[in-house]
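No hydrogens, no waters, no symmetry mates; every other heavy atom, side chains included, goes into these values.
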Amino acid sequence: LFSRTLKAYNLTDLSVTEATTANDVLRRFRDEAQSTAYKRQLRNFQRTASKNLAGALAYVDHLFEHHSRLQVIRVDLSYQKVIVKNNVVSADMTRLHRKRLFKCVQSYSLFEHCMGYIWKLEYGQYKGFHYHTCFFFDGSKVRGDVSLARRIGEFWRNEITEDKGLYFNCNAIANSYAQSGIGDIHYTNQAKRSALQKAITYLAKVDTAVRLTLPKGGRTFGRSEYVVRQG
């Protein structure tokens, strides 16, 4: 396998100097990976993801304790391909758009019955920066999860990003999932609540690619404590 990999990158005829450099790089990488400092850093990295997950699961349980049913909306928010290709979307821009969106949750009629939300930032070579979001609405006051998800997506595309954005309506394909944790969920429906927990577990998992791209200290995961209505 290693030989085939070398051939794929045309590295089979390395000079003595190049081979020595490659060996030095690999040796340093192995030494660093086995170091106490690196292992401590890795544990902290994993601990943060575990803490995010525990907090998010507790948060959703808290919502179910106060509302007999929730309308769970999953929308993936991204950017137009041509925008991404031309490197127009920066980390600062995505942060600005996120803050603008969640500030609107506090005052816009679209989010009138929104109880809270969870978000996760990821990065892909072709998709660029994109958010996975999960909104929780009062299920006793809101119906039509597919249309609500579409309206949030269009709000992101048209208002928040000023036509730079794209969205994917996960609720529109909920029936294709083996276990769906979105849409209308009653607090006694343990099957759907379990599926929702699995979805949140995915959301809380840290994306390493975005960590390499964001400035140090940039946030990749968040949730609201509670939504305070304004105006």
List the atom of [X], the atom of [Y], and the distance in Å for their closest heavy-atom pair.
| X | Y | value |
| --- | --- | --- |
| R100 | I160 | NH1-O, 2.7 Å |
| V72 | L196 | CG1-CD1, 4.0 Å |
| A204 | A49 | O-CB, 4.0 Å |
| Q71 | G183 | OE1-C, 3.1 Å |
| N169 | A149 | OD1-CB, 3.2 Å |
| F221 | A56 | CZ-CB, 4.1 Å |

With hydrophobic residues grouped by side-chain heavy-atom distances under 4.5 Å, do [X] and [Y] end up in a single group?
| X | Y | answer |
| --- | --- | --- |
| I185 | V146 | no |
| L96 | V84 | no |
| L77 | Y126 | no |

Flag side-chain contact, heavy atom, 4.5 Å: [X] against [Y]:
| X | Y | result |
| --- | --- | --- |
| V75 | F168 | no |
| K205 | T201 | no |
| R219 | R95 | no |
| K85 | V82 | no |
| Y108 | L101 | no |

If we ignore hydrogens and angles and just use 3.5 Å, is the side chain of [X] paired with the main-chain N or O of [Y] as donor and acceptor?
| X | Y | result |
| --- | --- | --- |
| S35 | Y38 | yes |
| S194 | A191 | no |
| S68 | F64 | no |
| K192 | I182 | yes |
| Y59 | S224 | yes |
| H67 | R69 | no |
| K51 | Q46 | no |

Within a reach of under 6.0 Å around [atom1] of [X], are more than 12 heavy atoms found that belong to other residues, nucleotides or ligands?
| X | atom1 | answer |
| --- | --- | --- |
| Q41 | CD | no |
| Y187 | OH | no |
| N175 | CG | no |

Which distance, rounded to the nearest 0.5 Å, do you find between the [atom1] of [X] and the [atom2] of [Y]?
| X | Y | atom1 | atom2 | value |
| --- | --- | --- | --- | --- |
| C114 | F102 | SG | CZ | 9.0 Å |
| E159 | L110 | CD | CG | 10.5 Å |
| R74 | I200 | CZ | CD1 | 10.0 Å |
| I73 | R150 | CD1 | CZ | 11.5 Å |
| I152 | T133 | CD1 | OG1 | 7.0 Å |
| W156 | C104 | CH2 | SG | 11.5 Å |

Mark yes or no: [X] above the aromatic ring of [Y], with NZ or CZ under 6.0 Å from the six-membered ring centre and no more than 45 degrees from the axis.
| X | Y | result |
| --- | --- | --- |
| R98 | W119 | yes |
| K120 | Y202 | yes |
| R157 | Y167 | no |

query = Is a side-chain donor-acceptor pair under 3.5 Å present for S140 with D138?
reply =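 Yes, because at least one side-chain N or O of D138 sits under 3.5 Å from a partner of the opposite role on S140.
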message = Could you go through L70 and F137, starting from their C-alpha distance and side-chain angles, then the distance that decides it, and tell me whether this counts as side-chain contact (heavy atoms from CB on, under 4.5 Å)?
response = CA-CA 6 Å; L70 296 177; F137 286 80; over 6 Å; no
ask   = Given V105 and F135, is the side-chain contact (heavy atoms from CB on, under 4.5 Å) satisfied, shown in steps?
value = CA-CA 10 Å; V105 172; F135 294 89; 4.1 Å; yes
key: Step-by-step ring pair (Phe, Tyr, Trp, His ring centres under 6.0 Å) determination, Y79 to H97   = CA-CA 11 Å; Y79 294 89; H97 288 158; 5.7 Å; yes
message = Between R30 and E32, does the salt bridge (charged side-chain N to carboxylate O under 4.0 Å, His left out) criterion hold? Intermediate values first, please.
response = CA-CA 5 Å; R30 285 194 293 264; E32 291 265 359; over 6 Å; no
ask   = Is a salt bridge present between D61 and R193, judged by a nitrogen-to-oxygen distance below 4.0 Å?
value =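 A salt bridge is present here (some side-chain N lies under 4.0 Å from a carboxylate O).
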Salt-bridge contact D31-R28 (side-chain N to carboxylate O under 4.0 Å) =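 Answer for the salt bridge query: no.
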task = Dump the intermediate steps for side-chain contact (heavy atoms from CB on, under 4.5 Å) on D76 and H130, then the final yes or no.
result = CA-CA 7 Å; D76 295 339; H130 55 280; over 6 Å; no
inquiry  = Here's a test for you: under side-chain contact (heavy atoms from CB on, under 4.5 Å), which of T161, N86, L166 qualifies with Q80?
reply    =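 Only one of T161, N86, L166 forms a side-chain contact (heavy atoms from CB on, under 4.5 Å) with Q80, namely L166.
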Salt bridge (charged side-chain N to carboxylate O under 4.0 Å, His left out) evaluation trace for D145 with R143 = CA-CA 6 Å; D145 61 304; R143 292 290 185 271; over 6 Å; no
key: Test side-chain contact (heavy atoms from CB on, under 4.5 Å) applied to S90 and F129, step by step   = CA-CA 8 Å; S90 65; F129 290 107; 5.9 Å; no
query = When you look at Y117 and F111, which way does the ring pair (Phe, Tyr, Trp, His ring centres under 6.0 Å) test go after all the steps?
reply = CA-CA 11 Å; Y117 52 80; F111 301 99; 8.7 Å; no
